[in-house]
Amino acid sequence: MEYNFRDLEAKWQLRWREQQTYKTVTGGEKPKYYVLDMFPYPSGAGLHVGHPLGYIASDIVARYKRLKGFNVLHPMGYDAFGLPAEQYAIQTGQHPKITTEQNIARYREQLDKIGFSFDWDREVRTSDPEYYKWTQWIFVQLFHSWYDNKTQKAAPILKLIAEFEKSGNQNVDSACDATLPFSAEDWKSKNEQEQQQILLNYRLAYLSEAWVNWCAGLGTVLANDEVKDGVSERGGYPVERRRMPQWSLRITAYAERLLSDLETLDWTDSIKEAQRNWIGKSEGTSIRFKLKNQDEFIEVFTTRPDTIFGVSFVTLAPEHELVNLITTDAQKSKVEEYVSIAKNRSERERQTEVKRISGEFTGAYVVHPFTGKDIPVWIGDYVLAGYGTGAVMAVPAHDSRDFAFATHFDLPKPQVIEPPADATTAGFENESWDEKEGKLIHSDFLNGLDVKPAIRKAIDEIEKLNFGKGRINYRLRDAAFGRQRYWGEPIPIYYKDGMPYTLAEDELPLILPAIDKFQPTETGEPPLARAKDWKYKGEYEYEYTTMPGWAGSSWYFLRYMDAKNDKALVSPEAVAYWKNVDFYIGGAEHATGHLLYVRFWTKFLFDLGIIPLNEPAQKLINQGMIQGVSDKVYIQKVQSNSLPISKSESILLDDDQNVFYWSADVVDLGIHRNPEILKYQLLLQNTAEAFLENFYIKNVPIEDVKENKLDIITYSEKSQEKKIVFVCKGGYWYKNKFTPIDSDDNSINHDFLTFSEVEKMSKSKWNVVSPDDIILQYGADTLRLYEMFLGPLEQSKPWSTQGISGVHNFLRRFWRLFHDKENKLQLSEEGGSAAELKSLHKTIKKIEEDIDRFSFNTCISTFMICVNELTDLNCKKRSVLEPLVVLLAPFAPHFCEELWELLGHKESVSKASFPKWNEAYLVEDNFEYPVSVNGKVRFKMNLSLKLSKEEIEQTVMSSDELSKYLQGSPKKVIVVPGRIVNVVI
RNA sequence: GCCCGGGUGGUGGAACUGGUAGACACGCAGGACUUAAAAUCCUGUGGCCUUACAGCUGUACGGGUUCGACUCCCGUCCCGGGUACCA
């Protein structure tokens with residue numbers, strides 16, 4: 001019988017399904033092991049070859065752990081709410097639910113073809129009402145909770161109300177918005193509405209007026225991690241800051257725990273570091289500066305209280321609430337103008353114009369707390385309203401930003417730290433000394449101290465005089481939770497007298513209502529405002545915003561444990577058994593989004609006593625991205641708002657600020673990747689003519705044009721019509737006219753900049769490679785092996801099929817080990833020879849070690865070496881070959897099932913147990929030791945391993961052979977057992 | 001700018017705690033089988049010098065530690081990712 005992967009894979013996929021081979025039962029004698037993939041968003045492009053990389057790795061781990069005797073939970077589901085399906089709905093009118101279902105069906109079909117061992121009975125979809133009922137339920141719990149800093153835990157809001165009734169908020173230490181102190185009497189005298197307003201300051205899910213990232217292109221607000229470089233992560237639309245009522249989750253309450261618990265996790269340093277940076281803990285001091293001739297104070301936050309004597313001015317953020325109050329009449333018009341300009345500058349502008357210094361004097365002064373001198377108060381947009389107190393004490397001599405501001409406006413820069421003698425600086429006229437090193441000068445009681453003790457002493461003094469105190473600040477902001485979109489979980493809130501109230505548990509889920517159009521309403525309200533008769537008890541307005549994409553994914557790992565439970569999000573028994581994820585794998589792009597949110601929700605549910613887990617996943621691996629190769633055509637627009645050629649090269653804006661990605665399919669170049677002939681298909685929104693009129697040519701590297709013959713075909717997607725053929729060899733064709741390029745002139749500007757670039761695979765970039773073609777040609781097992789063989793799991797790499805025949809050949813050679821020339825299974829029952837057993841046991845040992853450290857690429861090499869060895873030995877013995885089938889089964893399951901069955905086994909190979917290796921077979925008794933003299937290998941000798949280290953030294957030194965090669969007498973002989981003998985002379 | 005990775009043949013990559021650098025695979029070259037092709041198998045394959053043996057050199061670059069460095073330390077350059085007026 002031949003290795004016919006097509007029939008064989010179909011046969012086993014069907015059998016696994018029929019026999020429910022991978023159905024997992026909660027509980028039992030076996031130890032548990034939970035292997036989890038980050039579930040996919042089912043996009044319209046289907047699965048590409050990058051998706052399965054992580055799934056294959058986790059499937060190998062899951063199958064391996066089963067063979068090792070674990071009860072393995074290995075589920076899969078879909079992150080089914082999200083923007084693309086909704087964008088599609090807006091364009092076509094097709095309900096996102098239908099789009100999503102179609103995409104899921106396609107994903108499932110593709111996943112099944114790869115032969116994963118998922119327990120599909122536990123599938124979850126975040127868009128199922130049975131699922132999002134519990135997402136909503138968690139939101140309700142968040143709404144009814146507050147964070148008690150004293151116990152460092154979330155607690156029921158009822159407890160807080162009881163405390164308010166007893167003694168107001170005097171004794172409450174909570175993560176909350178600024179709330180004026182009130183007594184028990186004050187509390188009781190307030191009406192329901194006022195009380196609810198105060199409680200919102202404490203709730204973990206709360207509604208407030210907040211600065212948000214407003215994305216007009218998507219018509220919604222975005223969380224900080226959904227914004228990259230001032231544009232939306234999805235779609236690349238510009239984002240601006242806007243103040244509006246906004247649901248938020250008080251993740252900042254958990255900042256310290258999210259930070260310190262990182263220590264307990266077995267995650268890569270880069271992810272932990274990214275989370276630490278995102279949380280951004282900084283220890284500093286808040287200092288109050290009294291305003292001259294007024295009773296108000298300006299509170300600043302600084303990490304450098306030691307430089308207090310170097311303050312030459314104070315700067316407020318333009319949005320600071322005191323700005324209007326303190327500005328003098330003389331400065332009013334200027335300040336107001338500046339504030340309005342600053343407010344209207346988009347986030348993107350603020351980021352790209354970081355170097356531009358702007359500000360305005362308010363006319364007001366504060367009093368220096370130690371010297372009593374007047375300090376001018378400025379406003380400047382380099383101070384951020386959302387961080388610290390929105391105000392800084394400026395110390396130009398020791399902070400580069402203050403320095404730049406002071407230089408620009410010609411303000412004094414008093415020096416208070418003398419840098420160490422060996423420090424290299426450009427001098428205080430040219431730059432500030434920001435380092436926390438040196439001795440304090442001109443600083444009264446701090447004089448002569450080093451910076452670090454000076455910081456402590458300054459805090460002590462400031463606290464003693466009671467105009468400030470030590471304080472810890474976090475960069476982390478509360479997470480914006482409402483989205484002005486349709487395709488998400490409805491927030492289970494209704495409004496009474498303008499105050500939000502939650503639905504009761506038995507009223508959940510709040511089903512996403514049907515609407516006819518998916519755009520925002522004419523009055524700018526979210527799409528849900530279109531829903532008819534959608535009122536709580538027919539009377540109260542529901543919340544119109546929906547939850548963000550990350551809501552459903554923040555707890556899904558729990559749902560798999562008990563996916564069909566309609567009484568609870570997960571039963572206590574199930575979560576007590578499965579506990580947290582033992583092996584979690586997914587893309588590193590979720591480092592600061594999903595992975596922070598899922599930790600936050602886990603900690604919250606832990607605080608409520610719903611789950612016994614403080615962290616979702618103990619071990620995390622980030623699979624690298626498989627990138628696509630896009631052959632690109634860049635066009636730079638002649639417009640002032642054209643993007644600088646830099647990071648944003650691939651993004652182009654047209655007149656309507658729509659974003660294009662220019663990319664193309666490469667027509668098969670053969671095995672040599674030298675792009676002799678490239679065919680580009682440009683994705684054009686406008687016609688090719690309009691396109692050519694609107695864009696001009698820029699900086700084609702002459703070499704590229706000289707060496708490559710470029711065939712460019714542009715066509716309009718709308719009309720599906722080819723417009724212009726564009727050929728380049730020493731020149732280019734444009735509107736049927738050939739323009740030669742002067743090869744000596746490198747400065748010519750051209751219309752198109754063309755080359756291939758490695759980047760993320762995505763439908764919008766036209767570079768998606770589907771696994772289906774590979775499966776058709778080589779089979780799923782080859783795909784699985786090949787994806788693992790590509791290189792280390794964590795590494796990103798461009799997709800290329802070069803070398804795929806190597807792993808396919810390996811499978812065929814493996815197959816041939818079991819079969820004779822006539823393709824009959826032909827094995828003898830005799831025992832293996834020493835060489836055969838050594839090969840086998842070496843392989844078992846190496847595979848086990850390599851899987852345990854998730855090094856799958858070296859596993860494949862190990863298998864190949866083993867097959868080469870056994871082929872050379874012409875080994876046809878069952879006792880040697882059978883264990884190899886089990887060993888390979890996690891990697892190539894269909895293939896191994898078939899061999900296993902041919903070997904006469906009735907049960908699936910997944911029920912077998914992993915073979916054990918035996919040290920005895922690995923001993924080398926005739927090993928040629930390389931002998932090196934002074935570290936350089938000179939010759940080889942036979943030595944017995946059975947000798948002790950000392951005996952080896954003696955043997956070597958007394959050897960005639962050795963002295964023959966040595967010109968001096970050995971001082972030292974170093975033996976590294978099993979590796980090398982080194983002689984030092 | 002700051003933080004985290006990384007730089008090894010023509011290519012993807014091995015070398016785990018310092019111990020024969022380049023495993024394994026692709027590609028390439030030559031050969032066997034075949035009327036031929038495919039498939040399969042064998043041999044060679046970092047560079048230099050050599051008929052060959054041998055020798056020299058070699059893990060981005062410059063230095064250091066060590067009997068011995070791809071691995072550790074210091075400095076430089078380059079690439080990738082994250083992040084950014086965070087006070």
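Residue numbering restarts at 1 for every chain, and letters A, B, ... go by the order of the sequence lines. The shown structure was predicted, so the numbers you read here are calculated from the model rather than taken from an experiment.
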Which of the following nucleotides, B:G27, B:C3, B:A14, is nearest to the side chain of A:Ser805?
B:G27
Is it the case that A:Tyr387 and A:Ser282 place a side-chain donor and acceptor less than 3.5 Å from each other?
yes
At their closest point, which heavy atom of A:Ala591 faces which heavy atom of A:Ile271, and how far apart are they?
CB-CD1, 3.5 Å
Would you classify A:Asn868 as touching base, sugar-phosphate or nothing, given that sugar-phosphate means primed atoms plus P, OP1 and OP2, and contacts are heavy atoms under 4.0 Å?
sugar-phosphate
Between the side chains of A:Lys845 and A:Glu849, is the shortest nitrogen-to-carboxylate-oxygen separation below 4.0 Å, so that they form an ion pair?
yes
At under 4.0 Å, does any side-chain N or O of A:Tyr474 touch on OP1 or OP2 of B:C86?
no
Watson-Crick or G-U stems of RNA chain B, 3 or more pairs, under 3.5 Å, by first number
B:1-7 with B:77-83, B:10-12 with B:24-26, B:27-32 with B:40-45, B:46-48 with B:55-57, B:60-64 with B:72-76
For a quick check of understanding: with a heavy-atom distance under 4.0 Å over all strands, which category does A:Phe405 fall into, base, sugar-phosphate or nothing?
nothing
Hey, which sits more toward the 5' end of RNA chain B by its nearest nucleotide, A:Thr303 or A:Glu273?
A:Glu273
Would you say that A:Val314 contacts A:Pro376 through its side chain, given a criterion of any heavy-atom pair below 4.5 Å between the two side chains?
no
Mind listing the N/O atom pairs, protein and nucleotides 39-43 of chain B, below 3.5 Å?
residue, atom, partner, partner atom, Å
B:U40, OP1, A:Asn809, OD1, 2.6
B:C41, OP1, A:Arg813, NH1, 2.8

Taking B:U65 as the reference, what is the distance to B:G13 when you measure between their P atoms (whole Å, please)?
34 Å
May I have the distance from A:Asn857 (atom CG) to B:C16 (atom C1'), rounded to whole angstrom?
13 Å
Quick one: which of A:Leu887, A:Leu884, A:Thr862 gives a side-chain contact (heavy atoms from CB on, under 4.5 Å) with A:Ile844?
A:Leu887
Between A:Ser796 and A:Ala391, which has a closest nucleotide on RNA chain B that is more 5'?
A:Ser796
Any side-chain heavy-atom pair of A:Cys859 and A:Phe891 under 4.5 Å:
yes
Establish whether the base of B:C4 is bridged to the side chain of A:Arg276 by a donor-acceptor pair shorter than 3.5 Å.
no
